[in-house]
Amino acid sequence: MSSTATRTRSGGGRHRKVPDRSPRRVVGWSLGVSAVSTVMMTLDITIVLVALPAIREDLGLTLSGSQWVINAYSLTFASLMLAAASLSDIVGRRTIFLIGHVIFLAASVGCVLTGTEAGLIAFRAVQGAGGALVFGTATPLLADAFEEKDAAKRTRAVAAMMGIGGAASAFGPLIGGALVETGEWRWIFAINIPIGVLVILATLVFVPDLYRESRSRAGAAPAPQGVPQGTPQGTPPDVPVTPQRRAPKVSVFAMLLTVGALALLNYGIIDGEDRGWTSQVIVASLGAGVLLFAALVLWELHKRDGAMIDFRLFRIPSFATVTFNAFASRMFSFGMLPFLVLWMSGQLGLSALEIGYVASGLAVPMILFSAVGIRAVAWIPVGWVQAVGMVIVAGGLMLGLRLDTDSDWHTLLPMLIVMGAGTGLMLPHVMSLAVEVVPASRTGMASGLANTALPLGTATGVAVYGAYLANKVNGGLDTLPIPEQFRGIAQDAAEAGQFRLIAQRSEPLAQQALQFFLDGLHGIFIIAAILALIGAVASVVFIRKPRERA
């Protein structure tokens with residue numbers, strides 16, 4: 001039957017057309033829905049950054065509330081992504097992909113309709129769960145559309161999809177600024193609704209569940225005569241068969257441990273400054289988070305090849321280093337950006353769109369220098385390329401120390417440009433290195449862990465940097481003779497970068513609060529630069545591709 005032929009089913013004398021199943025058509029639609037979905041899920045991590053000032057004005061967000069609006073999505077996204085890939089092997093790629101989209105769509109509607117801080121945070125967490133199901137199955141769904149002989153085409157298609165997602169993540173602040181400027185902050189969530197509906201319909205109509213179909217055919221096919229059931233076809237009966245590794249399975253217990261550990265640790269870090277670091281609630285939260293994480297590691301090590309998260313891979317120095325680099329790259333970029341947004345909005349009075357334009361100073365070099373980083377490995381070992389990128393990032397962060405009370409966005413821009421260039425050099429190799437330095441049977445797990453490190457880096461940066469900044473601001477204000485009835489208002493305003501609000505009461509106090517805020521930013525820059533230099537040294541010492549080790 002030709003590729004353009006249509007099949008018919010008889011029933012009641014009628015015939016119904018079935019969508020064209022030609023390989024080219026299936027690949028095209030699979031790439032389309034996977035790429036659009038990847039853009040949606042990665043975009044929602046960063047698009048909200050520039051909308052924070054508008055959300056704060058509308059819902060009265062505190063600094064910790066702003067951090068949770070970001071981290072509620074990032075944490076559930078990171079916690080469930082590995083489970084999503086394993087779950088798709090059991091239930092089917094397209095099924096989990098569609099379920100994820102429905103959850104994400106419903107949560108986006110909730111974000112649009114909610115009128116409270118708690119409601120927005122809750123719906124963002126649900127969004128992250130749906131995003132994990134979609135993102136964790138988008139690559140397998142696309143890969144299934146290719147035949148085995150088209151491995152090179154499959155690799156290029158997956159790389160193109162991931163590149164599009166990375167670009168969307170980088171330009172998230174600019175896109176978010178345009179949406180907020182055009183309408184209001186709810187538009188950044190409302191835009192998901194029509195796109196999500198179209199993706200769901202396109203998947204149902206044009207993307208067949210090839211994985212389930214192949215499993216059905218494989219299960220129905222009898223073993224060749226004389227070959228025991230379960231023996232790979234093509235293996236002579238007298239040749240011993242090497243037992244295969246147990247495939248990673250979905251573990252509800254491991255999922256609960258992961259979500260619980262990350263949520264408790266983030267709660268302790270984010271709310272520690274408000275409640276007090278010696279508060280019983282904070283101490284219990286941090287302690288329980290550490291214990292749950294330790295239990296997760298021990299449980300998964302016990303499961304060995306059947307683990308949902310194979311922590312044994314971190315014994316490979318190259319893999320541990322490249323995963324740390326992925327984590328750090330997000331921590332010193334998108335994990336830091338919310339606090340720069342607060343400064344640009346509160347002190348400089350920039351609109352959401354103007355903040356997006358400034359933030360593109362990080363995004364554009366990141367994309368441009370990705371091409372340089374890809375070509376550089378032809379002449380320089382990949383570990384050195386990673387190291388050079390990290391050193392450049394550290395240099396860019398040091399440029400941020402030039403910010404003072406009289407600075408404007410022109411002072412910030414060189415820092416963002418240099419950081420974007422360094423990140424662009426090292427980031428393209430993270431995924432390829434992660435799968436090249438581990439055994440072939442664990443490449444899927446390695447890719448999933450490296451992918452998970454990205455949103456975890458964002459969430460950790462938002463939590464740790466926010467706690468550090470709040471401590472610097474509140475500690476500084478505590479040394480000043482501020483009337484008690486105004487102290488709480490001044491602290492909340494200073495943490496949110498609203499120095500103009502403080503200036504309405506006292507201009508000198510606003511200047512001092514701004515200086516404390518900038519001191520906190522300087523400390524964040526130094527912490528991030530140290531992380532970058534650690535990554536640079538580790539890259540030179542530990543990153544060795546298999547052929548380089550040989």
Side-chain angles (χ1 to χ4, degrees), residues 19 29-49 51 55 59 68-81 83-85 87-88 91-142 161 164-165 168-169 171-172 175-176 178-180 182-209 255 259 451 455:
W29 280 104
S30 298
L31 177 59
V33 298
S34 298
V36 171
S37 301
T38 299
V39 167
M40 288 175 65
M41 305 311 142
T42 55
L43 196 61
D44 261 62
I45 297 178
T46 58
I47 195 173
V48 74
L49 296 178
I55 300 174
L59 302 183
W68 275 114
V69 168
I70 301 170
N71 279 10
Y73 183 92
S74 300
L75 289 176
T76 53
F77 188 94
S79 301
L80 301 177
M81 190 159 58
L87 196 61
S88 71
V91 180
R93 279 83 150 100
R94 194 180 73 153
T95 302
I96 297 300
F97 183 79
L98 289 169
I99 292 173
H101 265 294
V102 171
I103 294 173
F104 186 85
L105 185 61
S108 297
V109 173
C111 290
V112 172
L113 298 179
T114 188
T116 65
E117 175 183 304
L120 181 60
I121 292 171
F123 283 120
R124 284 284 289 168
V126 178
Q127 257 194 331
L133 295 180
V134 173
F135 193 86
T137 52
T139 299
L141 185 74
L142 174 59
M161 184 189 71
I164 292 170
S169 179
F171 281 105
I175 297 171
L179 290 172
V180 173
T182 304
E184 56 172 313
W185 65 264
R186 287 181 170 82
W187 282 39
I188 65 175
F189 303 115
I191 193 67
N192 294 329
I193 298 172
I195 297 175
V197 170
L198 290 175
V199 169
I200 291 172
L201 292 176
T203 304
L204 287 171
V205 175
F206 298 109
V207 180
D209 197 344
M255 287 170 57
V259 174
N451 262 318

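Starting from 1, each residue takes its place in the sequence as its number.
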Can you give me the closest heavy-atom contact between [X] and [Y], atom names plus distance?
| X | Y | value |
| --- | --- | --- |
| Thr46 | Gly172 | OG1-CA, 3.4 Å |
| Ala178 | Thr182 | O-OG1, 2.7 Å |
| Cys111 | Phe123 | SG-CB, 3.6 Å |
| Thr76 | Ala125 | OG1-O, 2.9 Å |
| Ser30 | Val207 | OG-CG1, 3.8 Å |
| Ala190 | Val112 | N-CG2, 3.6 Å |

[atom1] of [X] to [atom2] of [Y]: how many Å apart, nearest 0.5 Å?
| X | Y | atom1 | atom2 | result |
| --- | --- | --- | --- | --- |
| Ile103 | Leu98 | CD1 | CG | 11.0 Å |
| Ile45 | Arg124 | CD1 | CZ | 8.5 Å |
| Ser74 | Trp68 | OG | CH2 | 10.5 Å |
| Leu43 | Ile175 | CG | CD1 | 4.5 Å |

### Query
Which residues satisfy the ring-ring contact (aromatic ring centres under 6.0 Å, His included) test with Phe77, sequence neighbours excluded?
Tyr73, Phe135
### Task
Not counting sequence neighbours, list each pair that qualifies as a side chain to side chain donor-acceptor pair (under 3.5 Å) and has a residue in residues 96-117.
Ser37-His101, Ser108-Gln127, Ser108-Asn192
Residue pair [X] / [Y], side-chain heavy-atom distance below 4.5 Å:
| X | Y | value |
| --- | --- | --- |
| Leu198 | Val36 | no |
| Phe189 | Asp44 | yes |
| Leu49 | Ile70 | yes |
| Val134 | Val199 | no |

### Query
Does the Arg93 side chain pair with the main chain of Thr137, one donor and one acceptor, at a distance under 3.5 Å?
no
### Message
Exactly one of Val180, Thr42, Ile188 should register a side chain to side chain contact (heavy atoms under 4.5 Å, CB included) with Ile47. Which one does?
### Response
Ile188
### Task
Before giving the answer on side chain to side chain contact (heavy atoms under 4.5 Å, CB included), spell out for Val39 and Ile195 the whole-Å C-alpha distance, their side-chain angles and the decisive distance to 0.1 Å.
CA-CA 11 Å; Val39 167; Ile195 297 175; over 6 Å; no
